[in-house]
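I have placed the structure first, in the form of structure tokens, so that the comments after it can refer back to it.
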Amino acid sequence: MTATTTATAGPATEELVRRARSVIPGGVNSSSRRLPGCEDLTVVATDGAYFTTADGAEIADFQCGFGATLLGHNDPDVNAAVAETAARTDLVGYGISAEEVALAERLVTHLPGAERVLLCNSGSEATFHAIRLARVATGRPLVVKFQGAYHGWSDTVLPGGVGTPADRLNTPYTAAAGLLPEVVAQTLVVPFNDLDAMRAVFAAHPGRIAAVIVEPILHALGNVLPEDGFHAGVRDITAEHGAVMIFDEVVTGFRHALGGYQSLIGLTPDLTTFGKAVANGYPIAGVAGRADLMDGFATNPGGRAFFGGTFNGNPAMAAAASACIDKLAATDPYPEMFRLGDRIRTGMQEIFDEAGVSAVTSGFGSCFNTYFIPKRPVRRQEDVMDNDADLYVGLRLEGVRHGVFEIPLAFKRSIVSAAHTDTEVDRLLESTRASLRTVLARRAAGTR
């Protein structure tokens with residue numbers, strides 16, 4: 001039996017999984033949810049830093065909805081805002097609601113790069129719209145992204161992702177099928193933290209690059225941090241060549257600071273995409289940026305970049321985001337989340353060092369993960385291609401036996417929320433120490 005099965009499976013779980021697989025392809029609604037060892041994971045209740053499985057196992061959650069549940073699961077203030085709004089109004093599909101306006105005002109106030117805002121429903125939609133707008137504004141076809149970054153599911157940005165094999169790095173490679181080759185061909189992939197490569201790609205394609213889209217931190221690759229001056233260099237290069245700089249803060253926005261990562265480094269991008277943590281797990285996202293660019297969307301008279309969506313700006317979802325932002329402003333949970341993140345990173349590194357396991361523990365703020373590689377700086381995907389994925393995944397699967405969940409997929413970051421405390425951190429570190437002993441013992445015995 002797998003680690004997850006041992007920890008969580010029972011009659012209720014087995015029945016729910018059986019029903020799911022009979023009506024949902026693979027039994028899950030996202031490709032990243034069906035992973036070896038976690039095929040039978042169920043969730044029937046959430047609260048704070050925990051979720052509960054169908055058979056009653058209480059699991060400390062260090063995945064946090066891929067970072068969406070910033071305040072913790074089922075935050076009462078956000079839920080109250082949703083309930084109050086839903087009791088008063090629902091989706092009409094035209095006009096403008098007070099909730100949409102109030103949220104846009106908050107976003108313009110807090111995000112340094114925001115003068116105008118448009119709302120949609122997911123980060124993938126937001127990046128798609130930002131790229132479309134950049135192409136309309138510049139009249140150019142090409143888009144530059146960085147190897148190992150994830151900007152959503154669209155044909156333009158899916159290539160060059162984490163799953164790229166070593167011999168195809170820094171090319172628009174993807175194993176996903178169904179993408180249009182002529183669209184993929186408009187994507188240029190360069191190494192993260194490499195401004196010389198950026199300059200070279202602009203020199204090779206003069207007057208043809210519409211935008212550069214960049215994750216402030218490569219959180220899709222775990223936690224690859226930008227070197228000092230990297231984002232400022234990207235800003236300068238895009239400005240020099242008249243290309244649009246898109247700061248993809250779908251993950252970093254609101255998670256690391258109320259004003260996004262851009263507020264921490266004093267950067268003003270042309271466009272910002274956001275989602276995930278902005279509404280503490282409720283589905284809403286958007287694009288923000290310079291007024292002259294944003295007014296190029298077709299929501300504005302004369303705008304040519306189409307922007308549509310029946311559920312855009314859903315009042316209850318907008319209320320959730322406003323409540324989340326207000327609570328972040330009132331409570332300032334960031335220092336405590338940073339402290340817990342630092343404690344985890346230090347504790348994890350000590351555990352692996354004491355066991356003689358070669359490891360580099362990395363992260364920023366509330367995000368953390370460990371690469372099982374020789375100790376060295378991690379600047380780009382090339383630096384972690386020799387990561388011991390079996391150890392990485394094995395530890396996380398074993399951790400579920402101890403009531404701790406970190407997504408068992410190589411490179412995936414783990415996360416704390418504002419609901420996590422030292423109690424959950426103790427549980428994580430104890431689980432990691434025990435799980436490491438078990439996994440290493442299995443290896444020594446020649447078993448998996």
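- Checked against a 6.0 Å centroid threshold, the rings of F247 and F274 do not count as neighbours.
- For the pair P191 and Q147, the minimum side-chain heavy-atom distance is 4.5 Å or more.
- Atom OG of residue S366 and atom CZ of residue R255 lie 4.0 Å apart, to the nearest 0.5 angstrom.
- The CD atom of E382 lies 10.0 Å from the OG1 atom of T164; values are rounded to the nearest 0.5 Å.
- Although no hydrogens or angles enter the test, the distance criterion places no donor-acceptor pair under 3.5 Å between the side chain of E215 and the main chain of V251.
- Between the side chains of T370 and T361, at least one donor-acceptor pair of N or O atoms lies under 3.5 Å.
- Nearest heavy atoms, F368 versus V416: CE2-CG1, 4.1 Å.
- Counting heavy-atom neighbours within 6.0 Å of F128 CZ, excluding the residue itself, gives a total of 12 or less.
- Between the N300 side chain and the G303 main chain, no donor and acceptor come within less than 3.5 Å of each other.
- Within the model, atoms CD of E15 and OG1 of T42 stand 12.0 Å from one another, a figure rounded to the nearest 0.5 Å.
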Side chain to side chain contact (heavy atoms under 4.5 Å, CB included) assessment of V287 paired with V117: CA-CA 6 Å; V287 184; V117 177; over 6 Å; no
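- Ring to ring, H256 and Y334 are not that close: their centroids are 6.0 angstrom or more apart.
- Looking at heavy atoms from C-beta onward, L340 lies in side-chain contact with D422 at the 4.5 angstrom threshold.
- Every residue two or more places apart in sequence or in another chain that forms a side-chain contact (heavy atoms from CB on, under 4.5 Å) with E227 is listed here: N193, R379.
- At a threshold of 4.0 Å, the pair E398-R401 counts as salt-bridged, since one of the basic side-chain nitrogens sits closer than that to a carboxylate oxygen.
- Within the 4.5 Å cutoff, no side-chain heavy atoms of K327 are placed close to those of N280.
- Atoms OG1 and CG, from T13 and D55 in turn, are 3.5 Å apart once rounded to the nearest 0.5 Å.
- Side-chain contact between L103 and L107 is present, with at least one heavy-atom pair separated by less than 4.5 Å.
- Using modelled atom types, one finds a donor on one side chain and an acceptor on the other under 3.5 Å when comparing H151 with D248.
- Residues A257 and S263 come closest through the heavy atom pair CB-OG, 3.8 Å.
- Counting heavy atoms from C-beta on, the side chains of L133 and I131 never come closer than 4.5 Å.
- Once rounded to the nearest 0.5 Å, the distance linking CD of E249 with CG of L271 reads 12.5 Å.
- Annotation for R21: atom CZ counts as buried by contact number, over 12 foreign heavy atoms lying within 6.0 Å.
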Would T127 and I213 satisfy side chain to side chain contact (heavy atoms under 4.5 Å, CB included), going step by step from the backbone distance to the final call? CA-CA 9 Å; T127 57; I213 185 166; 4.0 Å; yes
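- Relative orientation of the F297 and H129 rings is perpendicular, given thresholds of 30° and 60° on the angle between their planes.
- Looking only at side-chain heavy atoms (C-beta outward), V143 and L188 stay at 4.5 Å or farther from each other.
- Of all heavy-atom pairs between N369 and N223, the closest is OD1-ND2, 2.7 Å.
- Listed for the S431 side chain is no donor-acceptor partner under 3.5 Å among the backbone atoms of H402.
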Evaluate the side-chain hydrogen bond (donor to acceptor under 3.5 Å, both in side chains) criterion for residues T156 and T187: first the C-alpha distance (whole Å), next the side-chain angles of each, then the deciding distance (0.1 Å), finally the verdict. CA-CA 6 Å; T156 298; T187 303; 4.9 Å; no
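- Judged purely by atom type and a 3.5 angstrom limit, Y392 uses its side chain to pair as donor or acceptor with the backbone of K412.
- Between the CG atom in N314 and the SG atom in C120 there is a gap of 12.5 Å [rounded to 0.5 Å].
- Using a 4.0 Å cut-off between charged side-chain N and carboxylate O, E424 and R427 make no salt bridge.
- Ion pairing between R290 and D295 fails under the 4.0 Å rule for side-chain N and carboxylate O.
- Ring pair H420/F62 is tilted by interplanar angle, where 30° to 60° counts as tilted.
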Before you tell me yes or no, could you show the steps for T53 and V44 under side chain to side chain contact (heavy atoms under 4.5 Å, CB included), namely the whole-Å CA-CA distance, both residues' side-chain angles and the distance that decides it to 0.1 Å? CA-CA 6 Å; T53 71; V44 298; 5.9 Å; no
Salt bridge (Lys or Arg N to Asp or Glu O under 4.0 Å) assessment of D40 paired with R18: CA-CA 9 Å; D40 56 5; R18 183 198 64 76; over 6 Å; no
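- Side-chain contact between F254 and Y261 is absent, with no heavy-atom pair separated by less than 4.5 Å.
- With ring centers used as reference points, F372 lies under 6.0 Å from F352.
- Remark: the E406 side chain and the Q63 side chain contain no N/O donor-acceptor pair separated by less than 3.5 Å.
- Shortest non-hydrogen contact noted between R396 and S414 is NH2-OG, 3.2 Å.
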Could you walk me through whether R345 and D342 pass salt bridge (Lys or Arg N to Asp or Glu O under 4.0 Å), step by step? CA-CA 5 Å; R345 288 184 285 272; D342 286 339; 2.7 Å; yes
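- Of the charged side-chain nitrogens involved, at least one lies within less than 4.0 Å of a carboxylate oxygen, so that E84 and R88 count as a salt-bridged pair.
- Every pair passing ring pair (Phe, Tyr, Trp, His ring centres under 6.0 Å) that includes a residue from residues 15-61 is listed here, sequence neighbours excluded: F51-F405.
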Run N79 and Y282 through side-chain hydrogen bond (donor to acceptor under 3.5 Å, both in side chains) and show every step you take. CA-CA 9 Å; N79 287 354; Y282 285 98; 2.8 Å; yes
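- Smallest separation of non-hydrogen atoms from M294 and A288: SD-C, 4.0 Å.
- Residues P112 and L267 are not in side-chain contact: their nearest non-hydrogen atoms beyond the backbone lie 4.5 Å or more apart.
- In terms of heavy atoms, A277 sits closest to C324 at O-SG, 3.5 Å.
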Would you check, one step at a time, whether the test side chain to side chain contact (heavy atoms under 4.5 Å, CB included) holds for I351 with L436? CA-CA 9 Å; I351 289 169; L436 182 62; 4.0 Å; yes
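- In this structure a side-chain-to-backbone donor-acceptor pair under 3.5 Å is present from Q262 to G113.
- With hydrogens and angles ignored, the 3.5 Å screen pairs a side-chain donor or acceptor of R413 with a backbone N or O of F66.
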